[in-house]
Amino acid sequence: MRPPAVEDLLRVLAPQVLGALVRRYGHFDTAEDAVQEALLAAATRWPVDGLPESPRGWLVTVAARRLTDLLRSEQARRRREDDAGRAVPAGRWLAPAADHPEPGDDSLVLLFLCCHPALPPAAQIALTLRAVGGLTTGEVARAFLVPESTMARRITRAKQRVRDSGLPFALPDAATREARLDAVRQVLYLIFNEGYASTAGTHLRRVDLSTEAIRLTRMLHRLLPADPEVTGLLALMLLTDARGPARVGPAGELVPMAEQDRRRWRADQIAEGLALVSAVLPRGDVGPYQLQAAIAAVHDEAPSAGETDWAQIVALYEVLMRIADNPVVALNHAVAVAMARGPGAGLRLLDALAADQRIADDPRWYAARAHLLERSGDPVGAREAYEHAARRSMNLPRQRYLYGRAARLPEPSTAGAAPDPGGG
């Protein structure tokens, strides 16, 4: 297994190398294939040979050579040169070489390119998660709750449409940028979520993904400092990620928020996130990311779980539900209502969500129901719901946590049985 340091470095460099190749050569889809092969070569060789003097330059050189081989296999050189001449304005040939010593970071340019206006929103997000966020096709499929084969076809079609568009590799103008901004923000949000709470695998968190999402969102915020939702998104990420160190126990186990050691929360990120929320909310143009950031701020400001202002969180979720048709928001609202008004009130809201096919079979719905059943005094029902949630979860630490919660509760066959006369 390659060392984590190499894994992290490759994830950071991947969008930069892809951006460099697309800037110089075009051929988005073929360039991505070439970059993936260069990353595989680096993952195999660097742990043995050591890091090259310029890891990015090494990757660009290897990927460029592979791209050339791929293009030669697709079509004759003259045909390729003719196509490039028609698609690229003359001035674009003056761009610096892909391995120029001062290339800059093309990640944000690549991000906007993936959110191409010719693509439907779902394809924009899927392509960006794949090309910029570094998620596998399977991870992207889970984010959209579709089969992996369906997502693979969707990503392939998206790459072809970007390739055929002939758009220059550059940040779009203000009007075009605004049209793509919703997709860009959603992409960054999904990348962060996959990093903070991985949907599958052996680890609860993928710090490389959440860190990259925060880095890209900071870049976007510097580009658009007056956009309230970009500010809200950055605040949401910082306030949520601040709890990360306390969310994972010493053996990699999940630690629920109510049991976390809040001294391990990152105070600097909380302070920065609170400052962003405090600056943006008074402007009045409130959107979903700002509201979610405000909810995260209420959690982070509470000295303890018992001192959380659940009434305020309920009120914020109710505003959020009026502007966002999202079953996960409705589920979180139900849990907040349970904390503020009792488990019975929350369970009624959860039961109403069972008819929504977007969430009805989600492990989060079963886990929330199990927690509220346990609090309401129904241990048998809670155990069954915990087991349902565990079976549906593809993340092993979360699965172990859910089975552990179930194991603490009585089995249906023993619940209410007569006491053992020989017992003590």
Side-chain angles (χ1 to χ4, degrees), residues 197-205 243 246-262 295 298-299 302 304-311 313-314 317 327-424:
S198 299
T199 55
T202 58
H203 300 284
L204 278 170
R205 302 175 63 212
R243 306 180 210 126
R247 187 171 177 266
V248 182
E253 71 274 18
L254 185 153
V255 181
M257 190 187 299
E259 300 173 18
Q260 289 174 12
D261 181 356
R262 299 187 176 216
I295 292 167
V298 176
H299 281 297
S304 67
E307 297 173 87
T308 303
D309 189 347
W310 286 106
I313 290 175
V314 168
Y317 270 125
V328 177
V329 170
L331 185 150
N332 291 334
H333 169 254
V335 173
V337 166
M339 299 302 293
R341 304 170 190 165
L347 281 168
R348 285 190 289 273
L349 293 173
L350 279 180
D351 289 344
L353 271 177
D356 190 331
Q357 294 304 311
R358 296 173 297 172
I359 197 72
D361 205 40
D362 192 295
R364 290 170 291 186
W365 184 87
Y366 284 97
R369 192 166 191 276
H371 174 63
L372 298 189
L373 286 171
E374 185 177 4
R375 289 188 65 222
S376 69
D378 181 1
V380 174
R383 180 185 178 111
E384 183 180 2
Y386 277 128
E387 290 174 343
H388 275 301
R391 286 194 293 269
R392 285 163 172 76
S393 177
M394 292 182 287
N395 180 276
L396 293 182
R398 188 176 295 109
Q399 190 179 80
R400 285 195 293 267
Y401 169 80
L402 293 165
Y403 275 129
R405 297 290 300 190
R408 301 177 192 177
L409 301 171
E411 296 184 32
S413 59
T414 61
D420 181 356

For [X] versus [Y], what's the shortest heavy-atom pair and its separation?
| X | Y | answer |
| --- | --- | --- |
| Ile359 | Leu353 | CG2-O, 3.7 Å |
| Leu204 | Gly252 | CD1-O, 3.8 Å |
| Ala338 | Gly346 | CB-CA, 3.9 Å |
| Leu372 | Pro343 | O-CB, 3.6 Å |

Using side chain to side chain contact (heavy atoms under 4.5 Å, CB included) as the criterion, list what pairs up with [X], not counting sequence neighbours.
| X | answer |
| --- | --- |
| Ala258 | Ala305 |
| Asp378 | Leu373, Ser376, Val380 |
| Met257 | Arg243, Gln260, Arg262, Trp265, His299 |
| Tyr317 | Ile295, Ile313, Leu320, Val329, Asn332, His333, Ala336 |

Which residues pass the side chain to side chain donor-acceptor pair (under 3.5 Å) test with [X], not counting sequence neighbours?
| X | result |
| --- | --- |
| Asp309 | none |
| Gln357 | none |
| Arg392 | Asp361, His388 |

If only atom types and distance count, is the side chain of [X] paired as donor or acceptor with the main-chain N or O of [Y] below 3.5 Å?
| X | Y | value |
| --- | --- | --- |
| Asn395 | His203 | yes |
| Gln399 | Ser393 | yes |
| Trp365 | Leu331 | no |

By salt bridge (charged side-chain N to carboxylate O under 4.0 Å, His left out) - contacts of Asp351 (at least two apart):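 Here the qualifying residues are Arg369.
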With Arg398 via salt bridge (charged side-chain N to carboxylate O under 4.0 Å, His left out) - residues at least two apart: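 In terms of salt bridge (charged side-chain N to carboxylate O under 4.0 Å, His left out), with neighbours along the sequence ignored, Arg398 is linked to no residue.
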Listed once per pair and sorted, the salt bridge (charged side-chain N to carboxylate O under 4.0 Å, His left out) pairs that draw on residues 247-256, sequence neighbours left out: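 Pairs touching residues 247-256 that pass the test: none.
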Pair listing, salt bridge (charged side-chain N to carboxylate O under 4.0 Å, His left out) test, anchored in residues 336-348, at least two apart: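 Those involving residues 336-348 are Glu318-Arg341.
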Partners passing ring-ring contact (aromatic ring centres under 6.0 Å, His included) against Tyr386 (at least two apart in sequence or in another chain):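 None.
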Verdict with reasoning, Glu374 to Arg405, per salt bridge (charged side-chain N to carboxylate O under 4.0 Å, His left out): CA-CA 10 Å; Glu374 185 177 4; Arg405 297 290 300 190; 3.0 Å; yes
